[in-house]
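Numbering of ligands and ligand atoms starts at 1, following listing order.
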Amino acid sequence: MNLIIAEKNLSAARIAQILAARERVAQKKDGPISVYTFGDTAVVGLKGHVVEVDFVEGYADWRSEERTPRSLIDAPTTKVPTEKKIIGTIQRLAKQASRVIIATDFDTEGELIGKETFDLVRQVNKSVPILRARFSAITPPEITAAFTSPTELDFALASAGEARQVIDLVWGASLTRFISLAAKRGGKNILSVGRVQSPTLAMIVDREKEIEEFTSQKYWMLSLTTEKAGQEFPARHEVARFDDRSLADAALARTKPPLRVTEVKEGEKVERPPSPFDTTGFLVAAGRLGFSAPNAMRVAEDLYMNGFISYPRTDNTVYPPSLALDGVLRTLESTEFGELALWVREHRRPSPTRGKKISTDHPPIHPTGAGRREVLGDERWKIYELVVRRFLATLSPDARWSTVKVLLDAGGEPYVATGARLVAPGWRKVYPYRKAEDNLLPPLSAGEELPLKDVLLEEKETQPPPRYSQSRLILEMERLGLGTKSTRHEVIAKLLQRRYVEGNPLRPTLVGRAVVESLEKHAATITQPDMTSRLDSDMQEIKAKKQTRDGVVTESRQMLHQVFDQLEAHGDEIGKEIMGRTDEERTIGPCPACGGDLRIRQMGPGGQFIGCSRYPECSFNINLPSPMWGKAIKTSDVCGEHSLSHIRLIRKGARPWEIGCPLCSHISSNREALLLIPHVTEEILGRLAAKHIYTVTDLSRMSPESLAAVASIPPEDAKQLLAGASDVLVLLRRRSELRKFVRAHLPPKRGRSQSGIVKILYSQGINDIRALASADPALLVDAGMKEAEAETLQREARALCGDRALREAGVPAASLKKYREAGITSPEDFCFLHPAYLSTKTGLSLETVYRHVEMVCKTMGVNPPARITKDTLQEGRAGLLSLGGMDEATLEKLYRAGIVNIAGLRKAEAPALAAATGIPVERVRQLIAASLARRGKG
Ligand SMILES: [Zn+2]
Ligand SMILES: [Zn+2]
């Protein structure tokens, strides 16, 4: 059997489809893993890496005395499986395989994944030939060619990848651990440091500092407006920028009519089309269309896997001779770019444009399949269109402009006007992403005199350098050799995720800054790109077999030891610096109660709130929604009234929740509750607020004396108010329970808010779950529920209340579960159903059931039933079963109605018993008759 292993499930499916040609591909499931088979071939997809480099066991404890962060530098590493199910499937198939072809992506990462796969296959099959298929597009010609003549794995290339993996692990883990420990950060708040990540962050921080330190310079620009044949046009002074105001003023004063044309220079400008897309160029262009780098990459990968474009991770900007450009154009003819493709074919430039970088692994990104807008959807279509148009542009003729430069003279001052006209659009016809605007001048000739309409002196300021946009940053990382084409956008995503940077363009957060500044001060190696570009050249040498993987890793470990020499000498200082800065990040402004600092505080994973830095002396605090709604961060807005930074909750994949000023929000959300207290007036609220008492809880903690003083009310009224407050607290607790209950049981629906429904319930006097259970269903429907929903909700509410009452009565949880499973849920069931029935249904002993029934009856104020013994019950049961046609099901129904022996049956009235048991009345009559007959006999 042939086994083909692709990098992802999606590519496995497509490769199988292409290689099977007209044969049918069967998709079988091995657990969750799809295996595609045809003829004698099976194709399986990986999930990228299925193993990961990690330290051997024993290095997990961050606080271990002997396994310090530094000890990680030389810690042995191993590969651990991360996708056990996939590995299982592959090894099971590999055992029976007569040939294995590795068809992972064609780059260093893909080769490394291939090598990992190679090792997994070898673990179970020592002799099977393992080959490698390389292709740059998942299209029939490429795939067929690659599999017709497969080659060998490139072990040197894979080694280079392995070296990077180990070095990244060692640097990242040891430094992250060191810095996090120094700054006393753990759990989700660790401060990550990384080989590529930290220099990249440093670039963003450094740029921010440049912007802050920038002092703008004033300069002046002088221009005039003139006119010919009804067309106004501007001309600027030949000195484009005056740095000296007095010189500009003097030039302005001399600018006087007549304004005369001294020379007209006509020319032509040729604009070459852009060069083919490599990854970086592509990301920059996609960025201009509004795609973030990670998003553009995700969409491009999707298009690649579905055969629409070639492999999007490439450094190449020169089409290789083997790429059939005509074939690509033909493919495009069937798309909505058909006409453009034909135009390009007719006007094709002698040779396509080429960029500066040539590499042999992949061609530049180009279309490989015919895409349709309806099929691809908006997002994928935009990226596909960009790749298609770029490809067409690289084959298109130059754009030609005719230009004109007019020199003018006004009172001896030289001015210039320029114009341009697009004569032949060339590539601009197919690539509309760069604007081309004609700037036409009227026909002019030397010696001509023009009216001087207006002279303008503008004062300008030099601008600071701009912040990095994601795509700009990727370009800069590339220039500095930071990261690889496949990792750059991931590094940026990680910086955002770690909250080291925010926004686009990217700004560092205080934590991001604190980490970089501290590292720059104490261990600059980590933040400088030199070390990384050094590693990149080492990796090239491994690929070229001039160095070994182990040699490079050892060298990098030595370098890291030197870094640790510096770091360890300043551990305390680094910790203090970072902690000081990050306190700042959490501090939102003055405490209204004591003037200390209010800070955002996280209590483990369960909660977050705003508290005072002077706690425990000052206990002022404001609750925040649970972190499940998002992590609280401060924004740059500040409340005018309270001088507190606004709060925003951020959660991955969700729109941020703007809380605004936390104190304003605290006050308004508690006002309603305070007004529930009888006799509370606006006036009293105002006086309380002046003393920073904003909640019912705050109020209830006051003594009657201090409340009387603060609210200026008689002590008697204060006592009454406090009693009212404690009632309201109870009400609020019950309401909050009701709110949670409704949230949990009523499915969210578009156009209906759960909290809206709950508010209506409150207004109808339904303030807790018990009231909900016994409410008129019509009220619930009025509040916005469907009838069926109201029914379910009430059933759940009744079950919950019953459960609670039973537990309070003392029924143990384990037994409660059995009752519940038997459908016995309410205290009433215990009081009015026969214990015999409860015992048979639950399997609990009669003795136990009686005990429970007595407990429940007591709390319900009902007399418990007289006990019967187990033997009596057995006797009665035997008697009943001896009646003709009696069976267990009928017996159970009789128990339910409280009939446990023949004597009971004799006393029963047929219609009532039929109604209570659901047994047909005729049958009941027969049973009663049979029981009466028994008396005759015995
Ligand atoms: Zn305080
Ligand atoms: Zn406020």
Write the atom name of the N, O or S atom in His642 that is nearest the Zn ion (ligand 2).
-> ND1
In degrees, rounded to 10 degrees, what angle do Cys661 atom SG and Cys639 atom SG make at the Zn ion (ligand 2)?
-> 110°
Row check, Tyr59 ring normal vs Arg67 NZ/CZ: under 6.0 Å, within 45° = yes
For residues Glu577 and Ser518, is any side-chain donor paired with an opposing acceptor at under 3.5 Å?
-> yes
Between Cys618 atom SG and Cys612 atom SG, the angle centred on the Zn ion (ligand 1) rounds (to 10°) to 110°
Assess whether atom CD of Glu791 is packed by more than 12 heavy atoms of other residues, nucleotides or ligands within 6.0 Å.
-> no
For the residue pair Leu598 and Pro592, establish whether any side-chain heavy-atom pair is separated by less than 4.5 Å.
-> yes
